[in-house]
Amino acid sequence: MTADPTATATPDTDWYDRDTRTIAGVEKLRFFPQVAATGHGTYLTTPSGRQVLDLSASWTASGLGHGHPRIVEAVTAAMAAPPGASLLSGTHPHAVRLAEELLDLVPTTGRHRRVYLGHAGTDANDVALRAARHATGRRRIIAFEHGYHGGLGTSMAISGVHIDAGAIPEPDLTLVPYPDPYRPWTDPDTLLADTMALVQRHLADGDVAAVIVEPIQSDGGVIVPPAGFLTRLRVLTRQYAALLVVDEVKVGLSRTGHLMAHHIEDVVPDIVTLGKALGGGLPLSAAIGPASALDTPAASALMTTIGNPVSCAAGLAVLDILRDGAMAHAAQDRGAQLTEALRHYAASDRPGAAHIGDIRGRGLAIGVELVESGTKTPNPVLAAKAVLAGWHLGIIAYPVRGNVIEITPPLTITHDEVTTAAHLLTEAIDWAALGHVTDDDIAPYSGW
């Protein structure tokens, strides 16, 4: 059996302790004492020199791995002779080309279309919702329970994850249940129909500016909705003249085996938002949609360093890498490999196998739901212990919705690395199930 996974290395602990004394807690979502000094490809290396396989990719922000050479080359060139640091009061070729590429790759409605370039999914979604309100003259937003659309402002106030945790909801918000096939909010046989009927009931009031939706509800538990969900949302929003905003911030850009996750249903949204992987590890986001929504009021979404040339250069490199579809195919193949290995584990007699309630996802967006043995009762304590054990065994993975371990490695992960990932993740779940990680071990980490 592997050495005690709760043992810690002193040099790494020192950095974590210094972080505790200096970095504001409001920006921390911590599950174990993670410290990294460098990164390369799918691995991070701690200050003490230990390599750790990254199965999160910094919540997908490093979607093409750490230090991808083509992104490094593009960013280095842009930084060496930058044409300023902003798109605010003057343009530059990197921003224009990035916007043109996004318009080419991401279909939306609108005869004339525009791209907002920002820093994170948070501001992209904020701008998208304000644009919808301006374009329609309506105020109400429909979003989904347990969803995540951002960590500040309006984006936070319409995110079910934050509202669940006590955030003040947007006054003009209506939350409806997301259609979860594993934990259906209604009769499983009529889950999709009942969800659509509820959405339609709210749309029929005639005051809805937009429906915002994740094609896979990531932080809400890696929930894959029933087939036809997005198609029927598109029909209803058109029927009631509301905009459909598809939030691709976390699962877009080839992660699910399609360039955009909503492409699986051939849906054309009104606005698509992107972030995280778009910047290749740098702050960059986008909202793509009709000029009628995104052009006015002028100067109504101002941040000084939006559209900065270094982030835009990274974005151009990311899109160039993804354009031929090879990364999407790799996500399908490696996702199928990892899912098969996890399902083989779940069917075994190993210590943690009885706690696997569900394994779901698309491509390299995979959720492993941990439950009380023999039930569907969520087991968030076991998940917290499993990811802590995983860190000490040599992997990074985080829990979402308390009891679901989310697996979103860089799309560049190899066949052999997936084999290693499956071995270490299942060993970590075994360690947690065997009681080798205690309540005291996980107590210092606030989690969600």
Side-chain angles (χ1 to χ4, degrees), residues 1-37 43-59 161 165 219 221-222 342 345-346 350-357 367-373 375 377-409 420-448:
M1 194 68 76
T2 305
D4 181 356
T6 61
T8 52
T10 301
D12 301 340
T13 304
D14 177 63
W15 281 107
Y16 197 85
D17 289 344
R18 290 165 67 178
D19 167 277
T20 301
R21 294 193 298 270
T22 56
I23 306 296
V26 295
E27 58 182 333
K28 295 179 182 178
L29 180 63
R30 302 287 174 81
F31 304 97
F32 40 79
Q34 178 181 333
V35 182
Y43 284 88
L44 295 176
T45 302
T46 74
S48 64
R50 189 170 71 99
Q51 281 199 320
V52 184
L53 185 58
D54 186 2
L55 302 184
S56 167
S58 298
W59 296 101
V161 164
D219 296 332
V222 195
L342 292 172
Y345 167 75
R350 288 176 55 182
H355 293 280
I356 305 295
V368 181
E369 176 142 358
L370 299 184
V371 296
E372 300 289 348
S373 180
T375 75
T377 303
N379 196 332
V381 172
L382 185 67
K385 292 178 177 179
V387 298
L388 175 58
W391 164 251
H392 291 293
L393 288 167
I395 58 170
I396 295 170
Y398 306 124
V400 293
R401 208 193 60 198
N403 71 309
V404 179
I405 300 176
E406 181 183 67
I407 311 298
T408 55
T420 299
H423 168 70
L424 294 176
L425 177 60
T426 55
E427 187 171 2
I429 296 170
D430 283 346
W431 272 104
L434 287 167
H436 293 309
V437 184
T438 69
D439 291 345
D440 288 343
D441 291 330
I442 63 172
Y445 310 107
S446 60
W448 288 94

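- In terms of modelled atom types and a separation under 3.5 Å, the side chain of Asp441 and the main chain of Thr438 share a donor-acceptor contact.
- Of the options Ile405, Leu425, Ile429, a side-chain contact (heavy atoms from CB on, under 4.5 Å) to Leu342 is made by Leu425 and by none of the others.
- Here CG of Asn379 is found 10.5 Å from CD1 of Ile356. Values are rounded to the nearest 0.5 Å.
- Residues Pro351 and Ala433 approach most closely at O-CB, 3.7 Å, considering heavy atoms.
- Taking 4.5 Å as the limit, some side-chain heavy atom of Arg30 sits within range of a side-chain heavy atom of Asp19.
- Rounding to the nearest 0.5 angstrom, the gap separating the NE2 atom in His436 from the CG atom in Asp430 is 9.0 Å.
- If you take CG on Asp12 and OG1 on Thr46, they are separated by 3.5 Å, rounding to the nearest 0.5 Å.
- Counting only heavy atoms from C-beta outward, the side chains of Ile396 and Trp391 approach each other to under 4.5 Å.
- By the side-chain hydrogen bond (donor to acceptor under 3.5 Å, both in side chains) test, Tyr16 pairs with no residue at all, sequence neighbours left out.
- Judged purely by atom type and a 3.5 angstrom limit, Lys28 has no side-chain atom pairing as donor or acceptor with the backbone of Ser446.
- The aromatic rings of Trp448 and Phe31 lie tilted to each other, with the angle between the two planes from 30° to 60°.
- Residues Ala386 and Ala428 approach most closely at O-CB, 3.4 Å, considering heavy atoms.
- Here Leu53 contributes atom CG and His423 contributes atom NE2; the two are 11.5 Å apart, rounded to the nearest 0.5 Å.
- Between Pro33 and Leu388 the shortest side-chain heavy-atom distance falls below 4.5 Å.
- Without hydrogens or angle criteria, His355 side chain to Glu372 main chain gives no donor-acceptor distance under 3.5 Å.
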Evaluate salt bridge (charged side-chain N to carboxylate O under 4.0 Å, His left out) for Arg21 paired with Asp17, printing each intermediate quantity in order.
-> CA-CA 7 Å; Arg21 294 193 298 270; Asp17 289 344; 5.3 Å; no
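- Separation of atoms OH (Tyr43) and CD1 (Ile395) is listed at 11.0 Å; rounding is to 0.5 Å.
- Thr408 places a side-chain N or O within donor-acceptor distance of the main-chain N or O of Ser56, the cut-off being under 3.5 Å.
- Ala389 approaches Trp431 most closely through the heavy-atom pair CB-CB, 4.2 Å.
- Arg50 CZ to Leu44 CG: the interatomic distance, rounded to the nearest 0.5 Å, is 10.5 Å.
- With a 4.5 Å cut-off on side-chain heavy atoms, Val35 and Asp14 do not count as touching.
- Judged purely by atom type and a 3.5 angstrom limit, Asn403 uses its side chain to pair as donor or acceptor with the backbone of Leu370.
- Across Pro399 and Ala383, no two heavy atoms sit closer than the pair CB-CB, 4.3 Å.
- Between Gly367 and Val222, the shortest heavy-atom contact is N-CG1, 3.6 Å.
- Between Tyr398 and Val387 there is no side-chain heavy-atom pair separated by less than 4.5 Å.
- Residues Ile407 and Pro409 come closest through the heavy atom pair C-CD, 3.6 Å.
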